[in-house]
Enquirer: 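Following this message is one structure expressed as structure tokens.
Note on naming: letters A, B, ... go to the chains in the order of the sequence lines (proteins, then strands), and numbering restarts at 1 for each one.
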Amino acid sequence: MPEDLQPQPTPPPASTPFAEAKTDVQRKTLDQRSQMDELMRLRHSCAHILATAVLRLWPDALLDIGPPTSEGFYYDFDLQHRFSPEDFPKIEEEMRKITKENQVFEKSVKTRAEALAYFEGKGQKFKVERLGDIPEGETITFFQNGEFVDLCAGPHVMRTGNVKPGGIKMLKVASAYFRGNEKNPQLQRLYGTAFKNKEELDAWVTLQEEAKKRDHRKIGTEMGLFAFDAEYVGPGFVLWLPKGTVLVEELEKLAKETEFQAGYVRVKTPHLAKKKMYTTSGHLPYYADSMFPSIELDELKGRPDLIAEKEGLLDRMIEMRSSILEVGKTIAAGFEIPVGTVQSTGEGLFAGLDEAMRQKGIEEDFILEKMTALRKLGKLDPVTSELVGKFDEVCTQLKKFPPRQTYYLKAMNCPHHHRIFAAEPRSYRDLPLRLAEYGMCYRYEQSGELFGLMRVRAMNMNDAHLYCTAEQFAEEFRAVNDMYLKYFKIFGIEKYQMRFSTHDPARLGQKFVNEPELWKKTEDMVRQVLIESGINYVEVANEAAFYGPKIDVQVWSAIGREFTIATNQVDFAVPAKFGLVYRDRDNTDKTPLCIHRAPLGTHERFIGFLIEHYAGNFPLWLAPDQVRVLTLNDDPPLVEYAKSIVAELRSHFVRVEGDYSPNPVKAKISDAEHAKVHTMLVLGGRDLESGNISVRLHSKGPQGAKPRAEVVADILAAIRERRG
RNA sequence: GCCGGUGUAGCUCAGUGGUAGAGCAACGGUUUCGUAAACCGUAGGUCGUCGGUUCAAUCCCGACCACCGGCUCCA
């Protein structure tokens, strides 16, 4: 998968002690605010009530902001006292008191100077900063309830009494950087929620508890799907247990079949690559922090004498190098060619020092090379000439030593696939070339980011790279979208959204490759395909990858939780960096476009999503335990009948087990239900005599008895068709 | 990475400044029964790791590790 290679954020202006907002959060317009629905108003007012209560309990608290959210509301404070859930009862009590006081929310307009004087007088430094965020010309309004006054654009409910005391609940204490920028101080964030009344709050609380039961980490442990072993294997590395591996392999089977039919070919690549791979792709300078540290291979290992010799030569080389560079830069300046410009010269020696060579190191290498050339032409003074001569000698000697090799664990598959593209000569007849791989990637995620299967450090991507011509692009892109929709249907994903991220023309050449026409052309193509395919999408400005527009795929699980499972990206830059070309009809070499796509994202995250989506009750084709045959007792003829059914199903690759113990059938059913076995075949004397099978489905109860052949055929068909 | 919290048996959880319990699971028996739990028994823990305080630490203190809730980042 590709990555966004984003340069560091710009430093804050000197006038403020704080860094700017990291993400471009759109300020709500007053018009948008006035359209806030009733519940959002209520929650917004609750945030003020919370702040009122906190100030009563801790008068020295500094305030930041307190907006409503889809789940409730929060307010950010800076305070010596560390909030803990133990504080919640007294905060809630104070909030209820405030609702009973039935204070009026009163709006007032202030000038910027008045507002500034007010907050500076109170030492509310964060409020002073927030004041600075309000654009000139926008009306500055305050809201007051009781003794509490806040900078606020509203809107609010009329009175604190509109909030029902039973509808408020404090939820959690967390931390948040001021303006969401990690360079700023961390504030304490108090989360709460509010509903019209206690009944709605209770219903929400119940729903939260249900959601918690679906947590993939909990179900994964209960069902024996996967494990983490931080002590021996490392945090963020999944151990797929046999039952979880079933899910992995069923997904792979699905993807391989789907991709085969869509004309993909499969490849396999190693988990490591040399450093050159990632300097060429452009990942290393930007992405190194997210990669595992390099692996250094030193061929001189075990030869201390050679190592010492090499070190000595290196020291000499470095020393001479800086002296030569000093002279060389003076000479370059003498040609009136500023180092680092595209220019040819009378001598032709310092020509061709273009932008690409200005990257660190290359410019100096260029000068060294030219100094060697000048020496051969006899254009250097004797001292410099001798120095350069010795330098060349040392360099030659150093070349006799095997170079130190640096390897990296791959964080994405695209560079490897690019090298597969480069491995053979390509013709326009070969395109589109669709290279697919379940490639294991390794990313050094920050420790605080690890989260069950959703954020791991080793992940298996349902990856493919589609190389095509500009003319083929729309068709290829459409086919990728069709594949997404096909998967959504199989998994019963009813709600999805594609976030189409485009570039910012103002930052061409900085955040985005400087190809204005290609940007426009590809974005237009993507947009058109999205519209024509009837895809549900939103356009997000300025968030593209550096090499092309991208699409993030968000889906919502059965209980309404949102997951970003995949991204889809267009790349018109990196293939060129690897010099990838195909021979076109007109016998010229052209660079292909590349589409990165991974509809199932990573196994890890996708299975995490599926576990929560299905609450562990997988459809038959996915279920780790598809069928269990249970006998009423252990009478030999009955057990024989059961075993013959197990054998028949197993011959068709059905995952089936038998439970022939003399335990009561109620107990056996209970065991199977707890294990979430999809289909239970319950056999007793009646079934043996009639040649029937009594079917029971997980969490659906008994389905009655049917002839054996019919039951087997039904099971096989449901698996084959991947019925939900 | 940052802020806060947590760490007791495979899982869910009690508990104490004088070196630990329950239920489920596991294991061994017994149990012959028609759709969500038959009975008896056995075994299982350096109380996350390493230091410190103490006559004595699972408990108090510190560091580290991991996990949880967020922030930032992201598939």
Enquirer: Once rounded to the nearest 0.5 Å, what's the spacing between atom NE2 of H603(A) and atom CD of E252(A)?
Expert: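 The NE2 atom of H603(A) sits 4.0 Å away from the CD atom of E252(A).
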
Enquirer: Taking only the side-chain heavy atoms of R686(A) (C-beta and beyond), determine which of C73(B), G34(B), A36(B) contains the nearest atom.
Expert: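 Ranking C73(B), G34(B), A36(B) by closest atom to the R686(A) side chain puts G34(B) first.
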
Enquirer: Between the protein and nucleotides 59-69 of chain B, are there any N/O to N/O pairs under 3.5 Å, and if so, what are the atom names and distances?
Expert:
unit_1, atom_1, unit_2, atom_2, d
C68(B), OP1, R217(A), NH1, 2.8
G69(B), OP1, R217(A), NH2, 2.9
G69(B), OP2, R217(A), NH1, 3.3

Enquirer: Once you apply a heavy-atom cut-off of 4.0 Å, does F563(A) come out as touching a base, just sugar-phosphate, or nothing?
Expert: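 Touches nothing.
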
Enquirer: With nearest nucleotides of RNA chain B determined for F83(A) and I565(A) from heavy-atom distances, which residue corresponds to the more 5′ nucleotide?
Expert: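 In this pair, the answer is F83(A).
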
Enquirer: Heavy atoms from C-beta onward define the side chain here; which of G4(B), U72(B), U31(B) lies closest to that of R82(A)?
Expert: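 It is G4(B).
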
Enquirer: Side chain of S699(A): nearest nucleotide among A36(B), C71(B), A75(B)?
Expert: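 Of all the options, the side chain of S699(A) is nearest to A36(B).
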
Enquirer: Choosing from U35(B), C73(B), G70(B), which nucleotide comes nearest the side chain of R455(A)?
Expert: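 The answer is C73(B), which lies nearest to the side chain.
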
Enquirer: S694(A) side chain: which of C3(B), C71(B), U35(B) is closest?
Expert: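 Between C3(B), C71(B), U35(B), the one nearest the side chain of S694(A) would be U35(B).
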
Enquirer: Once hydrogens and angles are ignored, does a donor-acceptor distance under 3.5 Å link the base of G34(B) to the side chain of D687(A)?
Expert: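 Check passes, donor-acceptor contact within cut-off.
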
Enquirer: Kindly indicate whether a cation-pi arrangement holds for R189(A) with Y74(A), taking the cut-offs as under 6.0 Å to the six-membered ring centre and within 45° of the axis.
Expert: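 So R189(A) does make the cation-pi contact.
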
Enquirer: What about H216(A) and F609(A), are their ring centers closer than 6.0 Å?
Expert: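 No.
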
Enquirer: Could you work out which one of A36(B), C71(B), U35(B) sits closest to the side chain of S670(A)?
Expert: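 Comparing A36(B), C71(B), U35(B) against the side chain of S670(A), the answer is A36(B).
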
Enquirer: Determine whether the side chains of N692(A) and S694(A) contain a donor N or O and an acceptor N or O closer than 3.5 Å.
Expert: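 The answer is no; no qualifying pair exists.
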
Enquirer: Could you say whether T221(A) or M454(A) is positioned toward the 5' end of RNA chain B, judged by the nucleotide with the nearest heavy atom to each?
Expert: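 Residue closer to the 5' terminus by nearest nucleotide: T221(A).
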
Enquirer: Name the closest nucleotide to the R443(A) side chain, picking from A75(B), G1(B), A36(B).
Expert: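 Nearest to the side chain of R443(A) among the choices is A75(B).
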
Enquirer: Is it the case that more than 12 heavy atoms not belonging to K127(A) sit under 6.0 Å from its NZ atom?
Expert: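 Yes.
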
Enquirer: Treating D215(A) as the side-chain partner and K212(A) as the backbone partner, does any N or O pair qualify as donor plus acceptor under 3.5 Å?
Expert: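 Such a contact is absent between D215(A) side chain and K212(A) backbone.
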
Enquirer: Measuring from the side chain of M459(A) (C-beta onward, heavy atoms only), which nucleotide among A75(B), C71(B), A37(B) has the closest atom?
Expert: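 Selected nucleotide (nearest to the side chain): A75(B).
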
Enquirer: Pick from F178(A), Y177(A), F77(A): which one makes a ring-ring contact (aromatic ring centres under 6.0 Å, His included) with F126(A)?
Expert: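 Output: one option passes, namely F178(A).
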
Enquirer: By nearest atom, which of the nucleotides U31(B), A36(B), C71(B) is closest to the P664(A) side chain?
Expert: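 Ranking U31(B), A36(B), C71(B) by closest atom to the P664(A) side chain puts U31(B) first.
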
Enquirer: Using Watson-Crick or G-U wobble pairs with both distances under 3.5 Å, give me RNA chain B in dot-bracket, 5' to 3', with [ ] for crossers and | for pairs to another strand.
Expert: (((((((..((((....[..)))).(((((.......))))).....(((((..]....))))))))))))....

Enquirer: Just compare U35(B), A75(B), U72(B) and give me whichever is closest to any side-chain atom of Y177(A).
Expert: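 Of the candidates, U72(B) comes closest.
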
